[in-house]
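Report on the following structure.
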There are 2 protein chains.
Amino acid sequence: MPDVKHFDPDAVLGQVECVFWQRGTTSVPIADVVATTGLSRSSLYATFGGKHELYVQALRRYVEWRSQPVFDRLAADERGLPALADFFDRLIQVRCEGEHARWGCMVSNAHAGAEGGDPQVRRVLDLHQQRLRTAMRTALDVAGAKAQVRAGLDLQATAELLALVAYGVNLRSRAGADPAELRASVSAVLGCLQS
Amino acid sequence: MPDVKHFDPDAVLGQVECVFWQRGTTSVPIADVVATTGLSRSSLYATFGGKHELYVQALRRYVEWRSQPVFDRLAADERGLPALADFFDRLIQVRCEGEHARWGCMVSNAHAGAEGGDPQVRRVLDLHQQRLRTAMRTALDVAGAKAQVRAGLDLQATAELLALVAYGVNLRSRAGADPAELRASVSAVLGCLQS
DNA sequence: CCCAACTTGGAATGACTATTCCAAGATAGC
DNA sequence: GCTATCTTGGAATAGTCATTCCAAGTTGGG
């Protein structure tokens, strides 16, 4: 005989994700979350728990819904080096224009903020890093098999390097970096890998 | 006939810089700054203004005292590619061990936080980025003149790339990245540049 | 149609925050 | 040593924050 929820928890979590993504966690009062989602404090606390648990759930949603599909696309792209170029092109585009322009990456932002101190958050950050590196590595393996990259390259270290570059793009885009310059930097590193 | 200050403002600013560097700005109550510096609220406000102005001054101090000397050393190092390797070696070491281990870079941290929204902060961030890129470019020019790097390299884009890698190192080090992996990534990019 | 179980909105709470203010203390020139 | 002027410490203020609580409303099975 329980009453049913009058809203869609996952849709709400998506809105919360956007707020925290753009503005971080400490600078968003719970009142703003209430205003954004349209539901009341009671419903928020009853459904998601406190502010911190809400943030963690939003961060997890970001990794699963925003990052993972992009990583999957990269890993599934059989073109090798062009797949990597495509990944970075899309990344820079998302970071610099459109709905989420200049928001950076929610995971990158969490690295720098006080959120990173929390063990739960740290685990999500590590998961994200591992998945990104794995996707990079997969694409690099394809590129290696196609002899698109120089022989004798340390593919694992290169995968990690490309992940670092992605983090750099995320960071600088938030501060208003010129997308053309970012693209040139990516071209520089991908060009260097080329055989 | 004025009384003289009973403390050294610059030494105090150094302490404040460390607190904000490690913990960010929003998660540090002014009470903690008072406790760290040992002086009173009155003296803090009278000398530096409010919390935000204090943060900006600390950030500026960080750029001038922490970043700039490192950039200068890089730009003055006439070895070319080894100078860049040395820069990254020292960077990773500072970020992963010693007094400031896992603090990241105060400027990188500011990129991701809510601080980046402030125009004054943004200007410091851009200044830092420009100086870092310039130092990288200088070292790359030397490397180019010595024919240490591949011909036909876009040196400006490569300088920007290396800056992005540095930001990536700063970010990941804060989340506990393995210094050996970071070093391998740096080796990968520097190895690629080599002729 | 009724009722138990849940949701909801909004007010209330209590802790914490940045900032200001004032009386007391310290200084350096005269 | 005296005094004008600044510094200092701590209390006071006003605002904001996350969280809790309760009365009223809503649901769906019997």
Side-chain angles (χ1 to χ4, degrees), chain A residues 1-60 109-110 113-121, chain B residues 1-59 110 113-121:
Chain A
M1 317 167 185
D3 190 10
V4 76
K5 269 201 181 354
H6 297 184
F7 60 91
D8 176 7
D10 191 68
V12 167
L13 200 56
Q15 297 180 287
V16 175
E17 173 199 334
C18 280
V19 177
F20 283 142
W21 176 10
Q22 183 183 17
R23 299 171 51 199
T25 175
T26 51
S27 49
V28 174
I30 211 74
D32 284 17
V33 178
V34 168
T36 304
T37 59
L39 40 81
S40 70
R41 282 167 168 71
S42 317
S43 309
L44 263 179
Y45 277 88
T47 310
F48 302 105
K51 186 187 182 186
H52 185 250
E53 295 162 27
L54 184 57
Y55 173 78
V56 173
Q57 288 177 69
L59 184 64
R60 278 201 260 260
N109 297 347
E115 306 94 345
D118 180 76
Q120 282 187 293
V121 173
Chain B
M1 317 172 187
D3 190 9
V4 75
K5 267 197 186 344
H6 296 184
F7 59 90
D8 176 9
D10 191 67
V12 167
L13 200 56
Q15 298 180 286
V16 175
E17 172 200 334
C18 280
V19 177
F20 284 142
W21 177 8
Q22 183 183 17
R23 299 172 49 199
T25 176
T26 50
S27 49
V28 174
I30 210 76
D32 284 17
V33 177
V34 168
T36 303
T37 59
L39 40 82
S40 70
R41 283 166 165 75
S42 317
S43 310
L44 264 178
Y45 278 88
T47 310
F48 303 104
K51 186 187 182 185
H52 186 250
E53 294 163 28
L54 184 57
Y55 173 79
V56 173
Q57 289 176 69
L59 185 64
E115 306 94 347
D118 181 77
Q120 280 186 292
V121 173

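Just so it is clear, the model here is predicted, and its values are computed rather than measured. Naming: A, B, ... by sequence-line order, numbering from 1 per chain.
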Filtered N/O pairs between nucleotides 16-20 of chain C and protein, under 3.5 Å:
unit_1: C:dA18; atom_1: OP1; unit_2: B:Ile30; atom_2: N; d: 3.3
unit_1: C:dA18; atom_1: OP1; unit_2: B:Lys51; atom_2: NZ; d: 2.8
unit_1: C:dA18; atom_1: OP2; unit_2: B:Ile30; atom_2: N; d: 2.7
unit_1: C:dT19; atom_1: OP2; unit_2: B:Tyr45; atom_2: OH; d: 2.9
unit_1: C:dT19; atom_1: OP2; unit_2: B:Lys51; atom_2: N; d: 2.9
unit_1: C:dT19; atom_1: O4; unit_2: B:Arg41; atom_2: NE; d: 3.3

Q. Any sub-3.5 Å donor-acceptor pair from A:Glu115's side-chain atoms to A:Val121's backbone N or O?
A. no
Q. So does B:Ser43 get a side-chain nitrogen or oxygen closer than 4.0 Å to the phosphate oxygens (OP1/OP2) of D:dT7?
A. no
Q.
Please determine whether a side-chain nitrogen or oxygen atom of A:Ser40 lies at a distance below 4.0 Å from atom OP1 or OP2 of C:dT8.
A. no
Enumerate, atom names and distances included, each donor-acceptor pair closer than 3.5 Å involving a side-chain atom of residues 12-23 of chain B, sequence neighbours excluded.
unit_1: B:Gln15; atom_1: NE2; unit_2: B:Thr36; atom_2: O; d: 3.4
unit_1: B:Glu17; atom_1: OE1; unit_2: B:Arg61; atom_2: NE; d: 2.7
unit_1: B:Glu17; atom_1: OE2; unit_2: B:Arg66; atom_2: NE; d: 2.8
unit_1: B:Trp21; atom_1: NE1; unit_2: B:Gly104; atom_2: O; d: 2.8
unit_1: B:Arg23; atom_1: NH1; unit_2: B:Asp32; atom_2: OD2; d: 3.0
unit_1: B:Arg23; atom_1: NH2; unit_2: B:Ser27; atom_2: O; d: 3.3
unit_1: B:Arg23; atom_1: NH2; unit_2: B:Asp32; atom_2: OD2; d: 2.9

Q. Does some side-chain heavy atom of B:Leu59 sit less than 4.5 Å from a side-chain heavy atom of B:Gln120?
A.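 Sidechains of B:Leu59 and B:Gln120: no contact.
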How long is the line joining [atom1] of [X] and [atom2] of [N], in whole Å?
| X | N | atom1 | atom2 | value |
| --- | --- | --- | --- | --- |
| B:Phe48 | D:dT7 | CZ | C1' | 14 Å |
| A:Leu39 | C:dC6 | CG | P | 19 Å |
| A:Tyr55 | D:dT19 | OH | C1' | 21 Å |

(Q) Strictly by salt bridge (Lys or Arg N to Asp or Glu O under 4.0 Å), give each pair with a member in residues 41-51 of chain B just once, sequence neighbours left out. (A) none
Q: With sequence neighbours left out, write down each residue that passes side-chain hydrogen bond (donor to acceptor under 3.5 Å, both in side chains) with A:Thr26, or none if nothing qualifies.
A: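 With sequence neighbours excluded, A:Thr26 shows a side-chain hydrogen bond (donor to acceptor under 3.5 Å, both in side chains) to B:Thr26, given in chain and number order.
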Q | Contacts of B:Ser40 that satisfy side-chain hydrogen bond (donor to acceptor under 3.5 Å, both in side chains) - sequence neighbours left out | A |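 In terms of side-chain hydrogen bond (donor to acceptor under 3.5 Å, both in side chains), with neighbours along the sequence ignored, B:Ser40 is linked to B:Ser43.
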